[in-house]
Undergrad: 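Dropping a structure here in structure tokens format, bear with me for questions.
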Amino acid sequence: MELEFIPMDYDSCDIKGKNYIKIYGKTKSGKKICIFDLLEPCFWVILDPKDNAEEVLQTINNKEINYLDRKIKPLSATLHKKKFMSKDVRAIKVAVTNSKDINPLAEMLEKQGLAIHEQDINLITRYIIEKNVRPLVWQKVNGRVLNNDPELFGADKEISCDCILAEQITESKDQPVFQPKVLAFDIESEEFEIGKGKIIMLAIASHNEKKVITWKKTAKKEGLEFVEYVKDEPALLEKFQEYVRKEDPDFLTGYFSDGFDLPYIRARAEYYKMKLDLGCDGKGIKFLRGAINSAKISGIVHMDIYKFIDTVISPNLQSETISLDDVAAELLGEKKHEFDFSADQEDLEKFYRYNLQDALLTEKLFHKLWPNIQELCKIVQEPLFDICRDSYSQLVENYILHNLLRFNEIAVNKPSHHEIAERRLRSKYEGALVKQPVPGLYERVVFFDFTSLYPSMITSFNISPASLTSEKDCHKTPEFELNGKKVSFCFSREESFIPKLVHEIITLRKEIKKQLKDAPSAILSARSYALKTIMNATYGYYGFFAARYYSLECAASITAFGRFYITEVIKKFEQKEYQVVYSDTDSIALTLGDKTEKESLDLLKKINEELPGEISLELEDFYLRAIFVSKRTTTAGAKKKYALINKQGQFKIRGFETVRRNWCNLAREVQNKTIRMILEQGDAERAKKYVEEVIKKVKTRAFDKKEFLIRTQLRKELLEYKSISPHVIIAQKMKELGFPVRPGTLIEFFIAETREKKAMVREKAKMPQEKGEYNIEYYLHHQIIPAVENIFEIFGINLQEISEGRKQKSLGDF
DNA sequence: GCAGCAAGGTTACC
DNA sequence: ACGGGTAACCTTGCTGC
């Protein structure tokens, strides 16, 4: 038979010693199917030029080793002309019946002095590469329907959807839009600790159903049609399973469901000795170990969008946290329902609605992000499950691995633990250049940016470990210091595969952007975003110690070229008598002075003509005014702290406490308003009056306590802290009270008045709900005044003096 | 007991 | 272990008097 399907998920199994890949997919008529496809895994042996290929081939072919309970013998060994790090090599492809054979065989050959490669490629990745059966790309399969098949020893029997044994799979010509069925869910439990208390309710949200399942009943009926009552917690779990079965979604999605909802559900099911069977192979939920466990269900792709947002989306969000509340507010314009767990627990209607809203937001967020997930999946070519959970480095690495075949390249091996440890010890390298600004208020300022500076360095100078060379005719970095020595690196002129991949992305994005100009499209924007993500992460990947294509030389060369060109551009503007106020990595700010905007753009054009390769500087924006301040303790200008107002009256504030979440709201607001007033008016008179007013109000306790809450994130396990700062003390208290405290938790506290005036800050720190008044002295001199004093300093206004004077006078007031 | 500085720590910028 | 370096600025903790 022949049919078309789209691969959503991949799994592997071992049937009588052979490797089969199970592809869970969907047919065009919307039916779920599972395709079995035989895979003969392989690895490579790269020959030394002096090796006799025939001899080595024979040795490998005759190898037969006993390993545990099985006899291992290579299926085949064939000689090929390949490339390794862009160089021509002779290599032997060794195919085996089962991936279990790879390690013992590879180890044995390695002992004989042979260079083994690609033995460490994940089986699914290998399958996708070898057979070109890409995720989310419609495929045409020829094969036969399985029905408790003797050839597979009935392996298909345990799978609840139709199974097909593939003979051949090829990409379909027709690629219609795939519209997945999604089920979002969210639980509410008695305790935060996994499995400790009962699950009170569980909300599901899909195209068909918006429901809360619960055993906790309320007398009220009308308006609560969305609530479905069950008799107890086991029945709730059963009901959930029933809905998952009935809905039979392609994707199950949650918010932090890898870390909370699914582990909790599993723990409760185990407690009742229930077998929870959500997938279609009777094997329940598999929990894979990692930094955070991930939960896999066969036949349904479980996507925890929290993780995806954390790594791929959040760098481009304004939100200060990646809580569901903040992210939904920014991406959907919708908030969670308000619910106070200590006060509202008994208001069940409120609780149900709160629970449902979480599932609804999760569902909506999923649909909003689906173009991004989908496009990244198609580009990187790894299964959806992994795409949502991979770090940047894994995305880049997989992107490279899935493209190597086009270059006839054999992959570099993963570094050993020992190698990783060694790389981590290698000294750091110099990064970007940041120019120190002179504090002051500037008028008519223009910002120029390099477009994708580091990717353009990679492509323009062919920077990759494979092109590092000692040839004379090459791209040579400017001289720079590395490990205390003056160095310079050379990269061959023949374009190597990683720069080529980056180049392709740049070209492709230009095309997409052109198309987007004519017609907006969520898919195309997502594609452009996914490509940008991969492209921008390549530099960091070179410098990442666990990367296959790690190269300190490359990472250091990229920043060296970057420093060189930004310096060149600064010089060029200065030669034409522009005052360069500031510069950070790839941006440059200058005052127009007596020149027109057009004159600056003409000069920009001329500079661009002189820049080599793909390197190009572009206009970011023109600004009416700009503020640069000094550092707190010295008169030197502070880097990475500035505020701008453009011609449309829009503000751009960078680095100031206003944008730092570990400062109290009032300090941030006062600074923000101060900056805005000054930028709008060009002087500090109104701002000064405003701040004086605020100081007065702080002293008379005219503000609400919550304006003084400080939020600081716990970055590691409580026990690992060497120095006990205020937020650590509070976290300890919270833990004792049974609140969930783990790395990543945002700790809220305020500094209170205490009898002991000289006490350390941490001794004055209190939880938000604790009794106590805010500490006037602390907030004035450690939050409010420090936030604005060096802004006023620009205008010769000494705020500390003003405040001190007032403080003397008003001492009796409190 | 205290000043002064280094270390620890968080958050931002690009 | 799960891109990178640069930088500001807080609090604690230690050293040396």
Side-chain angles (χ1 to χ4, degrees), chain A residues 290-292 294 307 310-312 315 320-321 386 389-398 414-415 417 420-421 423-424 427-436 449-450 452-454 533-547 549-552 554-556 558-560 562-563 566 582-588 620 629-634 636-642 652-664 667 710-716 720-729 746-747 751 758 760-765 778 782-783 786-787 790:
Chain A
I292 278 191
S294 51
K307 187 76 212 296
D310 190 13
T311 53
V312 178
E320 281 170 14
T321 73
D386 305 87
R389 292 168 176 84
D390 279 357
S391 63
Y392 275 126
S393 63
Q394 286 168 309
L395 291 171
V396 172
E397 188 149 292
N398 283 323
K414 269 191 206 165
H417 286 288
I420 291 177
R423 289 175 181 181
R424 293 189 75 183
S427 62
K428 302 267 179 190
Y429 61 93
E430 196 179 340
L433 185 121
V434 188
K435 186 180 156 71
Q436 187 156 45
D449 278 352
F450 279 109
S452 306
L453 180 70
Y454 288 171
T533 304
I534 300 293
M535 174 181 91
N536 284 342
T538 307
Y539 152 70
Y541 173 80
Y542 278 154
F544 174 50
F545 44 76
Y549 292 96
Y550 166 83
S551 169
L552 190 84
C554 289
I558 291 167
T559 58
R563 291 191 301 275
I566 195 80
Y582 182 63
S583 167
D584 183 350
T585 314
D586 59 351
S587 72
I588 171 168
E620 198 265 323
V629 296
S630 68
K631 284 190 267 193
R632 179 116 313 136
T633 46
T634 65
K639 298 170 176 179
K640 300 186 187 285
K641 271 180 103 165
Y642 59 88
K652 190 167 173 179
I653 301 178
R654 291 289 122 98
F656 275 105
E657 284 74 4
T658 298
V659 299
R660 303 182 78 89
R661 68 171 179 205
N662 58 343
W663 281 69
C664 78
I710 295 168
R711 293 170 199 85
T712 306
Q713 196 185 21
L714 208 63
R715 302 292 302 270
K716 47 190 188 184
E720 286 171 29
Y721 281 93
K722 287 183 187 170
S723 134
I724 309 302
S725 44
H727 80 291
V728 178
I729 280 275
L746 208 56
I747 308 294
I751 305 304
K758 278 182 189 168
M760 277 192 286
V761 181
R762 68 167 172 226
E763 286 156 21
K764 304 177 198 169
Y778 177 84
H782 291 83
Q783 293 268 328
N790 38 18

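Here is the naming used below: chain letters follow the sequence lines, and residue numbers restart at 1 for every chain. Note that the coordinates shown come from a computational prediction; the quantities given were computed from them, not determined experimentally. Scope of the values below: all heavy atoms of this structure, side chains included, with no hydrogens, waters or symmetry mates.
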Undergrad: Just N and O in the side chain of His727(A): are any of them under 4.0 Å from OP1 or OP2 of dT10(B)?
TA: yes
Undergrad: So, for Phe450(A) and Ile566(A), which heavy atoms are closest and what is the spacing to 0.1 Å?
TA: CE1-CD1, 3.5 Å
Undergrad: Does the side chain of Ser391(A) get closer than 4.0 angstrom to OP1 or OP2 of dG3(C) through an N or O atom?
TA: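 The answer is yes; a side-chain N or O of Ser391(A) sits under 4.0 Å from OP1 or OP2.
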Undergrad: Looking at the side chain of Tyr539(A), which of dG9(B), dG5(C), dT10(B) is the nearest nucleotide?
TA: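 Ranking dG9(B), dG5(C), dT10(B) by closest atom to the Tyr539(A) side chain puts dG5(C) first.
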Undergrad: For Tyr454(A), which contact category applies under a 4.0 Å heavy-atom criterion: base, sugar-phosphate, or nothing?
TA: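 Nothing: the residue Tyr454(A), judged by heavy atoms under 4.0 Å, touches no strand.
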Undergrad: Measure the distance from NE2 on His417(A) to P on dA1(C) and round it to the nearest whole Å.
TA: 9 Å
Undergrad: Could you verify whether a donor N or O on one side chain and an acceptor N or O on the other, from Arg389(A) and Gln394(A), lie under 3.5 Å apart?
TA: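 Side-chain D/A pair, Arg389(A) to Gln394(A): absent.
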Undergrad: Counting heavy atoms not belonging to Lys652(A), are there more than 12 under 6.0 Å from its NZ?
TA: yes
Undergrad: Check the orientation of Tyr539(A) and Tyr429(A). Use parallel for under 30°, tilted for 30 to 60°, and perpendicular for over 60°.
TA: perpendicular
Undergrad: Looking at residues at least two apart in the chain, or sitting in another chain, which of them share a ring-ring contact (aromatic ring centres under 6.0 Å, His included) with Tyr550(A)?
TA: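 Testing Tyr550(A) for ring-ring contact (aromatic ring centres under 6.0 Å, His included), a comparison that skips the adjacent residues, returns none.
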Undergrad: In whole Å, what is the span from the CD1 atom of Ile420(A) to the C1' atom of dC2(C)?
TA: 10 Å
Undergrad: Any N/O pairs under 3.5 Å between the protein and nucleotides 12-14 of chain B? List them or say none.
TA:
unit_1, atom_1, unit_2, atom_2, d
dA12(B), OP1, Val659(A), O, 2.9
dA12(B), OP1, Arg661(A), N, 3.1
dA12(B), O4', Arg660(A), NH1, 3.2
dC13(B), OP1, Gly655(A), N, 3.0
dC13(B), O2, Lys640(A), NZ, 2.9
dC14(B), OP1, Tyr642(A), OH, 2.5
dC14(B), O3', Asp586(A), OD1, 2.2
dC14(B), O3', Asp586(A), OD2, 3.4

Undergrad: At less than 4.0 Å, is any side-chain N or O atom of Gln713(A) found next to OP1 or OP2 of dT11(B)? Yes or no.
TA: yes
Undergrad: Considering only nitrogen or oxygen atoms on both sides, find all protein atoms under 3.5 Å from nucleotides 2-7 of chain B and state each distance.
TA:
none

Undergrad: With a 4.0 Å cut-off, would you call Lys758(A) and Glu763(A) a salt bridge?
TA: no
Undergrad: Which part of the nucleic acid, if any, lies within contact of Lys716(A), taking any heavy atom under 4.0 Å across all strands shown: a base, the sugar-phosphate backbone alone, or nothing?
TA: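 Sugar-phosphate, no base atom in range.
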Undergrad: Looking at Lys631(A), does any N or O in its side chain come under 4.0 Å of the phosphate oxygens OP1/OP2 on dA8(C)?
TA: yes
Undergrad: Please state how far atom NZ in Lys722(A) lies from atom P in dG13(C), giving the value in whole angstrom units.
TA: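 One finds 12 Å between P of dG13(C) and NZ of Lys722(A), rounded.
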Undergrad: Side chain of Ala537(A), heavy atoms from C-beta onward: which of dT11(C), dT10(B), dG3(C) has the nearest atom to it?
TA: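 Nearest nucleotide to the side chain: dG3(C).
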Undergrad: Starting at atom CD of Gln783(A), determine the distance to atom C1' of dT11(C), rounded to an integer number of angstrom.
TA: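 Taking CD of Gln783(A) and C1' of dT11(C), I get 12 Å after rounding.
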Undergrad: Determine, for Lys640(A) against Asp584(A), whether the closest basic-nitrogen to carboxylate-oxygen distance falls under 4.0 angstrom.
TA: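 Between Asp584(A) and Lys640(A) there is a salt bridge, with a charged N closer than 4.0 Å to a carboxylate O.
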Undergrad: Under 4.0 Å, counting only non-hydrogen atoms across every strand here, what does Ile724(A) touch: a base, just sugar-phosphate, or nothing?
TA: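 Result for Ile724(A) = sugar-phosphate.
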Undergrad: What is the distance, rounded to the nearest whole Å, between atom NZ of Lys414(A) and atom P of dG3(C)?
TA: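 Whole-Å distance recorded here is 14 Å.
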Undergrad: Ala432(A) near the nucleic acid: base, sugar-phosphate alone, or nothing, with a heavy-atom cut-off under 4.0 Å?
TA: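 Sugar-phosphate contact only - Ala432(A) comes under 4.0 Å of backbone atoms but never of a base.
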Undergrad: If you check the Tyr778(A) side chain, which of dT11(C), dG13(C), dA7(C) turns out closest?
TA: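 So the nucleotide nearest the side chain must be dT11(C).
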Undergrad: Taking Glu320(A) first and then Arg711(A), would you say they form a salt bridge - that is, a charged N and a carboxylate O separated by under 4.0 Å?
TA: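 Answer for the salt bridge query: no.
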Undergrad: A quick test of your reading: do over 12 heavy atoms of other residues, nucleotides or ligands sit less than 6.0 Å from NZ of Lys716(A)?
TA: yes
Undergrad: Across the strands shown, which category fits Gly543(A) at heavy-atom distances under 4.0 angstrom: base, sugar-phosphate, nothing?
TA: sugar-phosphate
Undergrad: Does Arg423(A) reach the main-chain N or O of Pro415(A) with its side chain, forming a donor-acceptor pair under 3.5 Å?
TA: no
Undergrad: Hey, which sits more toward the 5' end of DNA chain C by its nearest nucleotide, Phe544(A) or Gly431(A)?
TA: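 This one resolves to Phe544(A).
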